[in-house]
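Every chain is numbered from 1 and lettered A, B, ... according to where its sequence line falls, protein lines coming before strand lines.
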Amino acid sequence: MLEKELDLDYFHREGFKRYRCKKCGAYFWSAIPRDTCTESPCGEYKFIGKKGYFRREFEIEDMRKEFIQFFEKRGHKRIRRYPVVARWRDDVFLVNASIYDFQPHVTSGLVPPPANPLVISQPCIRMVDVDSVGKTGRHLTGFEMMAHHAFNYPDKEVYWKDETVAYAIEFLESLGITREDIVLKEHPWFGGGNAGASFEVIVGGLELATLVFMNLRESENGDIEIDGTKYEEMPIKIVDTGYGLERFVWMSKGTPTIYEAIYPDIIEKLMSLTGVEKGEKEDRILGLLAFHSPKIESMGERKFLEFFVKETGINREYYEEKIVPIQKIYALSDFSRSLSFMLTDGIIPSNIQAGYLARLLIRRSLKILDDLKADISLYDLVEMHAKRFSDIMDTSMLPVVKEELEIEEERYRRTMKKGAEIVKRMIKKKREISVEDLILLYDSHGLLPDVVKRIAEEMGIKIDIPENLHSLVAKRHEKNVEKKKKKERKFPVEKTELLYYNDSYLKEFDAKVIYSERKELILDRTAFYPEGGGQPCDLGFLIHNGKKIPVVDVQKYGEVVVHRIDGEIPKGAKIHGVIDWERRERLMRMHTAEHVLLAAIRRVLGKHVWQHGTQKDVYESRFDIAHYKPITREEIKKIEREAMRIITSNIDVEAKFMSRRGAEDKYGFVLYEGGIPPGKEIRVVRIDGFDVEACGGTHVKKTGEIGFLKILRTERIQDGVSRVIYTAGLSALEKVQEMEDNALKATELASGSMDKLPEKIKSLIEENKSMRKEMEKMKEERVKIIADELLRNSKDGKLVARVHMDRGEMQKLMKFLSEKLEKVVLLNDKGALMVHSTDERAAEIAREIAAKAGGKAGGRGSFAQGKIERVEDGVNIAKTLTGYE
RNA sequence: GGGCCGGUAGAUCAGACCGGAAGAUCGCCACAUUCGCAAUGUGGAGGUCGCGGGUUCAAAUCCCGCCCGGUCCA
């Protein structure tokens, strides 16, 4: 497939020929004859220690500018970078590549791109490489993908393969790279439901860029098969390129690893703080490590290290002592940069979704800081990155980031401390730590195996950490991966005209029934709002032939609205619809109130707050937000005041349909706070100056109509997610009245005044407590008196007695008696049985009594209890058994 | 969204597997010792065993549901 696809006129014109790598077998194009594709491991990194490839050294900022300007000059429009958290997508958390910015709607053809062709430098986060960072010399969790994209439509072709390759070569040459050094390796590309042919652009052994020609999409009936999946051709052909910004910088400097090329300042700072030093010898080893590192994948880390030490003849201890700390510094400088992107883009560290990935990086970073004993906070590092890249990062977020990191560090310390105690207890108890224990400690308590090992060694216990521990952990998570799929239903009608969008105050309407089956009705037009966007559906009734038929549920499937009715109306009938206006009005106020609430919350808590989910209801609604700490009472009051300010300002609430492109360009991704609607056109609801959201709900015309907004309570539903329960309009008034009623009732009951109610209740509770204690004492007194009396009846240390008290008191009584007597049997009127016997045969005696008097009993040692049916018999049996009387 | 671990005195935890009278240590209070403090000794207070249901003669313990905290993974 590739041979035909990638045999370009450009190559023939420019003197490139196709060769096959004798090592890996891949086909590639080169201007000079070659045996191998040159890509590591088929070739080596020839640029390390050399600066000859580029005409000069580039810093990240220079390189980015160079790339963007190159393509701007060639007719590409420059696009601002997207956030690293993919707010516009619900299938992924983080942006992995520049093309993510345009999936799914631009790549599917639904929405036009922001420009065509375009150029961008998109920061990306790739967590898959997290374990390799620092060790291989070239892996990163955070990087910028410089890219130019062209979207070719059937009626409008921009450019395709020849031009893309020509641009690549021209750009490389503009940097001083000679044509003879460039290799274009053929490569089938697939991912994210798309596929196509691609070239990897290799210079000096390193892949600098990938040029993807995306023209296929996954399809069950597709006629092209790649790697077992069937694909079909798309109407759109997309040029998807990715130039690794950091790799270009690396090559321009020829440093042993990528890290010191891209953040020399941070690395220098960390080295001076920790006293870690690096000379020529270390540079040589790091270079060798980068060269051999592709083998890690096939060998596993432990084996690779053995191989590496043997191959290079270096001392293992020297490696641990000198090289490993350098690797840690590298990793830390990368993690902190990824964090600066993630946190300033508004990801809140938590245990869910993207927040968890941020926490993972934070914890790894903190651990390295501990290992290195570096006297610098993680925040300081993050701030250094953010300030250096202030042109593409939102430094106004830094105060929030600082607080988040402080909270996270505190949390990390707590986990470690608690974990250490668990490990110590475990060792004390079992004198060993098994592999299962290691998995448990990591999976349930967040303790990395080497942390456990360190603690255990301090206590003189040796532990073997199996290399496949991570896969064992993964195994525990394997089972039960079931995906819920939303039911899609199809109806034999096209669409329903949605009257509530034209006029959200429409209470009654006329319509025709165009579908009617099993109490499900579709009308040609409707004012009934179907359930959606966290807003419950409207209720009401349809009048047909003078009869009122209740509407009990309204759902939307695709473009049609289905009414479930309690009655029968035939297809073709003309009806008059009437909405339960009281309900709808409350819901409308509640919905607009929600937008006001979000605006107020963002003003009070900060712009990092992101909506996490909502559910409106008639009387009480809930609103979940991502926030890094619990909301305080003071903040609630502030939010309420702010919300009331927006309400009383009586601002227009505007709702209109816009093109997705236009709306995104104008308002940004805050639009998607409430979820990501499908389609080319989206409905934008705007409270001027306060809130803009893509929203399909019904809203009031002016904020003043909400009247009143009250937060009822807040909950922490998850780490990093708070739930605000609120109410609005008449429902709010009713709630407040209800609260007042309760307060009044309580005041009346406590017979005091309302403002002194808390004190009154406090004193009542204290009184109650002391009375309970008093009663306990009295009970004890009574038991003592009875005990004395009973003791007088005992014979030879034996006693059988029927008492009139409950189990609790009987136990107390028994406690007294058992100190003085050998054998005691107590029975109460309900048949509760208690036996004491100093010869440890209490259970036997109790069971025998129970067996003969109809009941069950048991116990251990000198005490047993049970229940019998015939109390009188029980007393007699006990007397015989114990020899009392 | 899912898996796992946990919730017992003010704090840290034992008891749970295997149901049978709610414990330890620290802290707190009082007294003794001391010029006073610290330290020590003696005594004491402090618990609806997260909540609700079930099984059982009997539940902190077993079962089910919920709430809260922690942690790992997508």
Side-chain angles (χ1 to χ4, degrees), chain A residues 90-94 127-128 130 349-357 359-360 363 411-412 414-422 424-426 428-429 436-449 469-485 612-613 630 715-721 723 768-770 772-773 776-777 783 806-819 824 826-828 830-837 840 842-844 846-847 849-851 853-869 871 874:
Chain A
D90 48 19
D91 54 338
V92 292
F93 303 134
L94 298 170
M127 296 299 292
V128 286
V130 70
S350 75
N351 57 11
I352 49 160
Q353 301 175 350
Y356 173 71
L357 302 175
R359 176 168 291 166
L360 190 83
R363 295 203 163 186
R411 189 193 287 272
Y412 170 73
R414 249 201 335 260
T415 297
M416 285 301 124
K417 204 177 149 204
K418 213 172 170 180
E421 276 159 19
I422 293 171
K424 280 179 193 162
R425 277 203 301 275
M426 217 176 224
K428 253 188 184 167
K429 211 169 173 179
E436 285 81 68
D437 292 334
L438 278 175
I439 294 171
L440 181 86
L441 286 167
Y442 175 63
D443 206 20
S444 301
H445 303 286
L447 287 180
L448 290 164
L469 197 84
H470 271 87
S471 65
L472 291 174
V473 172
K475 221 177 201 164
R476 276 169 70 119
H477 293 273
E478 252 170 24
K479 54 197 168 180
N480 291 341
V481 190
E482 213 174 284
K483 264 196 175 170
K484 273 183 271 171
K485 240 188 175 176
H612 196 262
E715 295 165 359
R716 202 133 218 259
I717 57 164
Q718 233 165 356
D719 188 23
V721 183
R723 172 166 293 173
N768 180 276
K769 213 173 172 182
S770 72
R772 268 219 313 256
K773 253 183 246 161
E776 279 301 307
K777 258 188 205 161
V783 166
D806 62 28
R807 266 181 188 274
E809 283 176 287
M810 272 170 82
Q811 280 190 356
K812 283 200 180 81
L813 177 61
M814 192 56 118
K815 230 175 189 170
F816 281 113
L817 298 174
S818 63
E819 278 165 23
V824 184
L826 293 178
L827 280 153
N828 79 0
K830 283 182 186 153
L833 165 73
M834 282 183 200
V835 178
H836 159 80
S837 176
E840 309 281 305
E844 266 175 60
R847 271 198 211 99
I849 296 168
K856 279 179 177 173
R860 67 164 68 140
S862 61
F863 182 76
Q865 52 186 311
K867 193 177 179 167
I868 59 168
E869 278 158 27
V871 181

For this session: May I ask you to say what A/Met814 touches in the nucleic acid, namely base, sugar-phosphate or nothing, with a heavy-atom cut-off under 4.0 Å?
Result: base
For this session: Using a cut-off of 6.0 Å, state whether more than 12 heavy atoms not belonging to A/Lys867 lie near its atom NZ.
Result: no
Exercise. Which nucleotide, B/A21, B/G70, B/C72, lies nearest any side-chain atom of A/Ser444?
Worked result: B/G70
For this session: Please state the C1' separation for the pair B/U25 and B/A9 - nearest whole angstrom.
Result: 12 Å
Problem set entry | Minimum-distance nucleotide (side-chain atoms of A/Arg807 versus B/C57, B/A74, B/U71) | B/C57
Exercise. In the strands shown, is B/C35 matched to any nucleotide by a Watson-Crick or G-U wobble pair with both distances under 3.5 Å, and which?
Worked result: none
Exercise. Side chain of A/Lys867: nearest nucleotide among B/C57, B/C72, B/G69?
Worked result: B/C57
Seminar exercise, completed: Checking N1-N3 plus N6-O4 or O6-N4 for Watson-Crick, or N1-O2 and O6-N3 for wobble, each under 3.5 Å, the partner of B/C4 is B/G70
Seminar exercise, completed: Side-chain contact check for A/Arg359: nearest option of B/C57, B/U71, B/A21 is B/U71
Exercise. If you pin A/Ser818 and A/Ile422 to their nearest nucleotides in RNA chain B, which one's is more 5'?
Worked result: A/Ile422
For this session: Using heavy atoms to find the nearest nucleotide of RNA chain B for A/Gln718 and A/Gln811 separately, return the residue whose nucleotide is more 5′.
Result: A/Gln718
Exercise. To the nearest 0.5 Å, how far apart are CZ in A/Arg359 and CD1 in A/Ile352?
Worked result: 10.0 Å
Problem set entry | Aro-ring/base stack A/Phe863-B/A21, d under 5.5 Å, angle under 30° | yes
For this session: Please determine, for B/G27, whether a Watson-Crick or G-U wobble partner exists with both distances under 3.5 Å, and give it or none.
Result: none
Exercise. Within this structure, what is the OH-to-P distance between A/Tyr442 and B/G70, rounded to whole angstrom?
Worked result: 18 Å
For this session: With C1' as the reference atom in both, quote the distance from B/C67 to B/C29 in angstrom, rounded to an integer.
Result: 35 Å
Problem set entry | Rounded P spacing from B/C17 to B/U61 in Å | 10 Å
Exercise. What is the distance from atom CG of A/Leu438 to atom CG of A/Leu448, rounded to the nearest 0.5 Å?
Worked result: 11.0 Å
Exercise. Contact class for A/Arg425 vs. all strands (heavy atom < 4.0 Å): base, sugar-phosphate, or nothing?
Worked result: sugar-phosphate
For this session: Look at the side chain of A/Lys418 and decide which nucleotide, out of B/C13, B/U71, B/C57, has an atom nearest to it.
Result: B/C13
Exercise. What nucleic acid atoms does A/Glu421 come within less than 4.0 Å of, heavy atoms only: base, sugar-phosphate, or nothing?
Worked result: sugar-phosphate
Exercise. Closest heavy-atom contact between A/Leu826 and A/Met810?
Worked result: O-CE, 3.8 Å
Exercise. Can you tell me the Watson-Crick or wobble partner of B/A60, both distances under 3.5 angstrom?
Worked result: none
For this session: Tell me which nucleotide among B/A74, B/G69, B/C72 gets nearest to the side chain of A/Asn351.
Result: B/C72
Exercise. A/Phe93 CZ to B/A74 P: how many Å, rounded?
Worked result: 9 Å
Exercise. What distance separates A/His836 NE2 from A/Phe863 CZ, expressed to the nearest 0.5 Å?
Worked result: 10.0 Å
Exercise. Just checking A/Gly859: base, sugar-phosphate only, or nothing, at a heavy-atom cut-off of under 4.0 Å?
Worked result: base
Exercise. Contact class for A/Gly855 vs. all strands (heavy atom < 4.0 Å): base, sugar-phosphate, or nothing?
Worked result: nothing
Exercise. To the nearest Å, how far apart are A/Leu440 CG and B/C5 P?
Worked result: 7 Å
Exercise. Atom CD of A/Gln353 to atom C1' of B/C72: distance rounded to whole Å?
Worked result: 15 Å
Exercise. How far does CD of A/Gln865 sit from CE of A/Met834, to the nearest 0.5 angstrom?
Worked result: 5.0 Å
For this session: With C1' as the reference atom in both, quote the distance from B/G52 to B/G15 in angstrom, rounded to an integer.
Result: 24 Å
For this session: For A/Arg847, report the nucleic acid contact type (base, sugar-phosphate, nothing); a contact means any heavy atom under 4.0 Å.
Result: nothing
Problem set entry | C1' atoms of B/C63 and B/G27, separation to the nearest Å | 38 Å
For this session: Quick one: label A/Lys424 by what it contacts on the DNA or RNA (base, sugar-phosphate, nothing), any heavy atom closer than 4.0 Å.
Result: nothing
For this session: Please state how far atom CG in A/Asp437 lies from atom P in B/U71, giving the value in whole angstrom units.
Result: 20 Å
Seminar exercise, completed: pair_partner(B/C49), Watson-Crick or wobble, both distances < 3.5 Å, evaluates to none
Problem set entry | Euclidean distance for C1', B/A32 against B/C68 (whole angstrom) | 45 Å
Exercise. In whole angstroms, how far is the P atom of B/C72 from the CG atom of A/Leu357?
Worked result: 12 Å
Problem set entry | Options B/A74, B/C72, B/A21, nucleotide nearest the side-chain atoms of A/Arg363 | B/C72
Exercise. With distance as the sole criterion, do the side chain of A/Asp443 and the base of B/U71 form a donor-acceptor contact below 3.5 Å?
Worked result: no
Exercise. Which pair of non-hydrogen atoms, one from A/Leu94 and one from A/Ala354, has the smallest distance, and what is that distance?
Worked result: CD2-CB, 4.3 Å
Exercise. Looking at A/Lys830 and A/Asp806, does any basic side-chain N land under 4.0 Å from a carboxylate oxygen?
Worked result: no
Exercise. Which value, rounded to the nearest 0.5 Å, describes the distance between A/Leu357 atom CG and A/Phe93 atom CZ?
Worked result: 7.0 Å
Exercise. So, is A/Arg411 near the phosphate of B/G70, with a side-chain N or O under 4.0 Å from OP1 or OP2?
Worked result: yes
For this session: Sticking with atom C1', work out how far B/A39 lies from B/U34, rounded to a whole angstrom.
Result: 11 Å
Exercise. Expressed in whole Å, how much space separates the C1' atoms belonging to B/G20 and B/G3?
Worked result: 35 Å
Problem set entry | Minimum heavy-atom distance between A/Ser350 and A/Gly720, given as atom pair plus value | CB-CA, 4.1 Å
Exercise. Within this structure, what is the CG-to-C1' distance between A/Leu447 and B/C4, rounded to whole angstrom?
Worked result: 14 Å
Problem set entry | Sugar-phosphate, base or nothing in reach of A/Ile352, heavy atoms under 4.0 Å | base
Exercise. What's the CG-C1' distance between A/Leu469 and B/C4, to the nearest Å?
Worked result: 14 Å
Exercise. Base, sugar-phosphate, or nothing for A/Ala857, non-hydrogen atoms under 4.0 angstrom?
Worked result: base
Problem set entry | Approximate separation, where rounding is to 0.5 Å, of A/Arg411 CZ and A/Met416 CE | 12.5 Å
For this session: Hunt down the Watson-Crick or G-U wobble partner of B/C18, both distances under 3.5 Å, from any strand shown, or write none.
Result: none
For this session: Could you run through nucleotides 44-52 of chain B and give me one letter per nucleotide, 5' to 3': B if any protein heavy atom sits under 4.0 Å from the base, S if only the sugar-phosphate is that close, - if neither?
Result: --SS-----
